[in-house]
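Here's the structure, in structure tokens; my notes come after.
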Amino acid sequence: MKSNNISYIYGLMASDGYMVRRVGEKTGRVSYNAIIEVAEPQIIFDISDVVCAKPRYRSRIIASKVRHFWSLNIPKFVYGGNAECFLKHRYGLFNLYLGLSDKDSFIRGIFDGDGTVAETTDYRRKLRIGFSVNSECNDIMLILEHYASINGITLSKYFDTRGNGSWFISINRIDDVNKMFNLMYKNEPMLFLKRKYNRFISHGFPDLVTSRKTIW
């Protein structure tokens, strides 16, 4: 399995996944179960092809509306000895990220999970990139700050005190948005959320994923 695909799955697990840790009552044996669940079937089916796992579907009623979700159990060979990094608070995730050879694909995974790309209110042709980070997952904040620092990208941070509290990280400068786009998609990735990628393309960004054009 290619390292860029593993890095991407790690990023998506960190943002839109959860890890269940179980301890056997009689044996004391520890086991893990990693699941990614999203409302977008495309990325689940693409990952399922890579890891050879079967997707699942379920519907839920949220605020009186029926919502549709697709999920995938991530095989143990993908996360190996890194299971603890994907438990609730993501402790140790920053060190895992530091050791990755492909940090760009990891960030693309986080972006596809907890990121947004949207037009600015004052200029509809200008895009900004945002990330929502649970305040209990400090390692994800450290990762975004480190990635921005090593790539010369300026972050704007806002803390929302509602509920348990969360950070909203935004990238607003045109040059920084362009740089972030090129970093995330420069290696013609196999795994990426096409809806978000196409948002960039519809706003004049270059189509970097040339090897996938014919299958869209």
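All of these numbers come straight from a predicted model, not from anything done at the bench.
Using a 4.5 Å cut-off on side-chain heavy atoms (C-beta onward), Met1 and Phe77 make contact. In this structure, Val133 and Phe168 have side chains that are not in contact, with every pair of non-hydrogen atoms separated by 4.5 Å or more. Put simply, the side chain of Lys157 reaches to within 4.5 Å of the side chain of Met141, judged on heavy atoms. Taking the side chain as every heavy atom from C-beta outward, Ile74 and Leu72 approach each other to under 4.5 Å. The shortest side-chain heavy-atom distance between Ile6 and Tyr8 does not fall under the 4.5 Å cut-off. Within the 4.5 Å cutoff, side-chain heavy atoms of Phe94 are placed close to those of Leu98. In this structure the side chain of Tyr18 never reaches within 4.5 angstrom of the side chain of Ile36, judged on heavy atoms. Side-chain contact between Ser132 and Trp167 is absent, with no heavy-atom pair separated by less than 4.5 Å.
Here Arg128 does not pair with Glu119 in a salt bridge; the nearest charged N to carboxylate O distance is not below 4.0 Å. Under the 4.0 Å criterion applied to side-chain N and carboxylate O atoms, Glu40 and Lys194 are not assigned as salt-bridge partners. No salt bridge links Arg56 with Glu37; every basic N to acidic carboxylate O contact stays at or beyond 4.0 Å.
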Could you go through Arg21 and Glu84, starting from their C-alpha distance and side-chain angles, then the distance that decides it, and tell me whether this counts as side-chain contact (heavy atoms from CB on, under 4.5 Å)?
CA-CA 8 Å; Arg21 183 180 187 270; Glu84 294 281 333; 3.2 Å; yes

Test side-chain contact (heavy atoms from CB on, under 4.5 Å) applied to Ile107 and Leu144, step by step
CA-CA 8 Å; Ile107 295 298; Leu144 293 175; 4.3 Å; yes

Hey, mind stepping through Gln42 and Leu193 against side-chain contact (heavy atoms from CB on, under 4.5 Å) and telling me if it holds?
CA-CA 7 Å; Gln42 172 255 311; Leu193 191 57; 3.6 Å; yes

Walk me through it: do Arg199 and Ser202 pass the test side-chain hydrogen bond (donor to acceptor under 3.5 Å, both in side chains)?
CA-CA 5 Å; Arg199 191 71 186 274; Ser202 68; 4.9 Å; no

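Checked by atom type and distance alone, the side chain of Tyr147 never pairs as donor or acceptor with a backbone atom of Asp104 at under 3.5 Å. The backbone N or O of Ser7 lies less than 3.5 Å from no partner atom in the side chain of Asp102, so there is not a single donor-acceptor pair. A distance-only check finds a donor-acceptor pair linking the side chain of Ser48 to the backbone of Phe45 [under 3.5 Å]. The backbone N or O of Met184 lies less than 3.5 Å from a partner atom in the side chain of Arg108, making a donor-acceptor pair. For Lys196 (side chain) and Asp112 (main-chain N/O), a donor-acceptor pair under 3.5 Å exists by modelled atom type. Side-chain atoms of Tyr10 come within 3.5 Å of backbone N or O of Val78 as a donor-acceptor pair. With hydrogens and angles ignored, the 3.5 Å screen pairs a side-chain donor or acceptor of Asn182 with a backbone N or O of Asn178.
There is a path of hydrophobic side-chain contacts, each under 4.5 Å, that joins Leu155 to Ile150. Residue Met190 is grouped with residue Phe181 when hydrophobic side chains (ILVMFWY) are merged at heavy-atom distances under 4.5 angstrom, including chains of intermediate members. Val38 and Ile61 fall into different hydrophobic clusters, where Ile, Leu, Val, Met, Phe, Trp and Tyr residues are linked whenever their side-chain heavy atoms come under 4.5 Å apart, directly or through other members. Val20 is not connected to Ile9 by any chain of hydrophobic side-chain contacts under 4.5 Å among Ile, Leu, Val, Met, Phe, Trp and Tyr, and they are in different clusters. In the hydrophobic clustering of ILVMFWY residues, with side-chain heavy atoms under 4.5 Å counting as a link, Tyr197 and Phe205 come out together.
Between Leu93 and Ala14 the shortest heavy-atom distance is CD2-CB, 3.5 Å. Listed here is the closest heavy atom pair of Val66 and Ser59: CG1-CB, 4.0 Å. Nearest heavy atoms, Ile35 versus Ser71: CG2-CB, 4.2 Å. The two atoms that bring Asn172 and Ser156 nearest to each other are ND2-CB, 3.7 Å, heavy atoms only. Heavy-atom minimum distance, Ala34 versus Met19: CB-CE, 3.6 Å.
Ring geometry for Phe111 versus Phe131: interplanar angle over 60°, hence perpendicular rather than tilted (30 to 60°). Relative orientation of the Phe192 and Tyr185 rings is perpendicular, given thresholds of 30° and 60° on the angle between their planes. Taking the six-membered ring where the residue is Trp, Tyr91 and His89 present parallel rings, their angle staying beneath 30° rather than reaching 60°.
The closest side-chain donor-acceptor pair between Asn33 and Asn73 falls under 3.5 angstrom.
One finds the CD1 atom of Ile129 at 10.5 Å from the OG atom of Ser170 (value rounded to the nearest 0.5 Å). Here CG of Asn4 is found 7.5 Å from CG of Leu191. Values are rounded to the nearest 0.5 Å. With values rounded to the nearest 0.5 angstrom, Ser166 atom OG is found 9.0 Å from Tyr158 atom OH. Within the model, atoms CD1 of Ile153 and CZ of Arg173 stand 10.0 Å from one another, a figure rounded to the nearest 0.5 Å. The NZ atom of Lys76 sits 11.5 Å away from atom CG of Asn82, with the distance rounded to the nearest 0.5 Å. Considering CG of Asn138 and CZ of Arg90, their distance stands at 13.5 Å, rounded to 0.5 Å.
Taking the centre of each ring, Phe106 and Tyr97 come in below the 6.0 Å mark. Taking the ring centroids of Phe86 and Tyr79, they lie at or beyond the 6.0 Å cut-off.
Taking the ring centre of Phe69 as origin, the terminal cationic atom of Arg60 falls inside the region bounded by 6.0 Å and 45° from the ring axis.
Around CD1 of Ile62, the count of heavy atoms belonging to other residues, nucleotides or ligands within 6.0 Å exceeds 12.
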